[in-house]
Protein chains: 2
Amino acid sequence: MKLGDGVEQAIHCVAILAALPKDGLLPAAALAEFHGVSTSYLLKHLQTLSRAELVQSVPGPTGGYRLARAPEDITLLDIVLAVEGPEPAFRCKEIRQRGPNPLPGYMFKAPCQINRVMLRAEKAYREELRQVTIADLAAQVRTDDTEGLIEARGCAFFDAAMRHYAP
Amino acid sequence: MKLGDGVEQAIHCVAILAALPKDGLLPAAALAEFHGVSTSYLLKHLQTLSRAELVQSVPGPTGGYRLARAPEDITLLDIVLAVEGPEPAFRCKEIRQRGPNPLPGYMFKAPCQINRVMLRAEKAYREELRQVTIADLAAQVRTDDTEGLIEARGCAFFDAAMRHYAP
DNA sequence: CAATCGTGGATAAATAATATCTATGATTCG
DNA sequence: CGAATCATAGATATTATTTATCCACGATTG
């Protein structure tokens with residue numbers, strides 16, 4: 001059981017975008033540099049978030065990304081499902097029916113009980129994530145992430161950020 | 001986010017072992033054939049379960065596997081953690097600190113809030129699995145899985161089972 | 001018109017999961 | 001005692017998935 005790195009990157013990106021001033025924009029390259037990941041790779045996730053309508057992209061020389069909705073309306077679950085996909089972690093392969101012996105199919109009308117329990121646990125997992133919004137995280141992100149940026153003059157991220165949201 | 005196939009195999013194996021008569025033994029080859037997977041591969045997971053002291057192995061021509069504890073004392077979480085490993089699905093990479101800009105380390109004393117939320121969700125997930133024991137599943141397994149076996153004469157699984165737990 | 005940026009697909013590299021094989025040691029049965 | 005059966009454990013191949021990069025295209029701004 002593992003969660004891809006993309007999830008962490010995506011969450012941090014959304015959190016930082018939430019900390020931008022109103023109508024602020026941040027180019028993908030700036031987000032990538034700040035996180036120390038390749039721009040091309042991060043773009044993949046940003047575009048996924050864009051398709052999921054969690055963020056908006058603005059093309060052009062002064063373009064970039066911003067949130068598509070209010071921070072209160074974006075939950076961690078939204079981000080995780082967008083990046084990781086909606087399929088549950090446990091997929092019942094119905095191995096009960098795979099044996100070479102002629103187990104009659106009518107014995108398996110009922111869905112596998114094991115599958116049922118595993119999915120119930122996953123539902124609890126998602127429910128927890130659904131209750132946390134980006135707005136809930138915003139305060140700390142503003143403190144931990146962006147406050148550092150203010151001091152980081154000369155950093156390309158800072159330059160880009162200033163150029164975009166404080167022209 | 002994905003759970004390996006081994007989890008499903010392991011759970012079914014444990015469930016079937018729970019349905020055996022007292023002191024019954026089942027060879028790995030029989031379990032593998034019944035599930036339609038290779039013996040060598042299933043052995044890997046059975047040995048993992050053995051190391052986790054969820055099942056016991058008995059060597060020798062009439063050997064095989066049986067539960068190491070009462071079905072009421074084996075939870076789904078035990079099996080999932082044994083096979084999948086105890087590490088959480090979300091591992092905070094602290095990408096806040098990875099950027100090329102000289103963000104001072106003292107800004108990151110507090111553990112990442114995102115990490116905290118993700119782990120809380122995973123805790124809820126595990127709590128659900130902890131509340132389901134093999135005994136809870138045993139009734140249905142006995143009906144769905146082993147009842148079919150009783151009719152499956154000529155199947156090597158049936159032969160092995162009979163040879164072992166009803167000598 | 002030119003520079004900048006996002007889009008999207010194709011693709012390569014890296015990593016992990018899956019599956020198999022072989023050798024070894026222990027145990028039981030004839 | 002010896003042969004057969006089984007679990008153990010490590011090595012290894014195979015496949016799938018993840019991660020990462022690249023390039024051509026279209027849109028937008030100045």
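Convention: sequence-line order gives letters A, B, ...; per-chain numbering from 1. For the numbers below, each heavy atom of this structure counts, side chains included, while hydrogens, waters and symmetry mates do not.
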If each of B:Val58 and A:Val58 is mapped to the nucleotide of DNA chain C with the nearest heavy atom, which maps nearer the 5' terminus, i.e. the 5' end? A:Val58
Would you indicate what B:Leu46 reaches in the nucleic acid, counting non-hydrogen atoms under 4.0 angstrom: base, sugar-phosphate, or nothing? nothing
Considering only C:dT7, C:dG8, D:dA9, which nucleotide approaches the side chain of A:Arg51 most closely? C:dG8
What nucleic acid atoms does B:Ala28 come within less than 4.0 Å of, heavy atoms only: base, sugar-phosphate, or nothing? sugar-phosphate
CG (B:Leu43) and OG (B:Ser50) are apart, to the nearest 0.5 Å, by 11.0 Å
Between CG of B:Leu26 and P of D:dT5 the distance, given in whole Å, is 17 Å
What's the OH-C1' distance between A:Tyr41 and C:dA13, to the nearest Å? 13 Å
Once you apply a heavy-atom cut-off of 4.0 Å, does B:Ser40 come out as touching a base, just sugar-phosphate, or nothing? base
When you match A:His45 and A:Gly60 each to their closest nucleotide on DNA chain D, which lands nearer the 5' end? A:His45
Rounded to whole angstroms, how far apart are CG on B:Leu3 and P on C:dA16? 17 Å
Nearest heavy-atom approach of A:Pro71 to A:Thr133 is O-CB, 3.7 Å
What's the CG-P distance between A:Leu49 and C:dT7, to the nearest Å? 11 Å
To the nearest Å, how far apart are A:Leu42 CG and C:dG6 C1'? 13 Å
Look at the side-chain N and O atoms of A:Ser38 and state whether any lies under 4.0 Å from the OP1 or OP2 oxygen of D:dT19. no
Can you confirm whether more than 12 heavy atoms, excluding those of B:Gln131, are under 6.0 Å from its CD atom? yes
Is B:Ser50 touching bases, backbone alone, or none of the nucleic acid, heavy atoms closer than 4.0 Å? sugar-phosphate
Mark yes or no for whether B:Glu84, through its side chain, and B:Val7, through its backbone, hold a donor-acceptor pair below 3.5 Å. no
In whole angstrom, give the distance that lies between atom NZ of A:Lys44 and atom P of C:dG8. 13 Å
Rounded to the nearest angstrom, tell me the gap between atom CG in B:Leu25 and atom P in C:dT28. 11 Å
How many whole angstroms separate atom CD of B:Gln56 from atom P of C:dT27? 14 Å
Hey, is the main chain of B:Ala89 close enough, under 3.5 Å, to the side chain of B:Glu122 for a donor-acceptor pair? yes
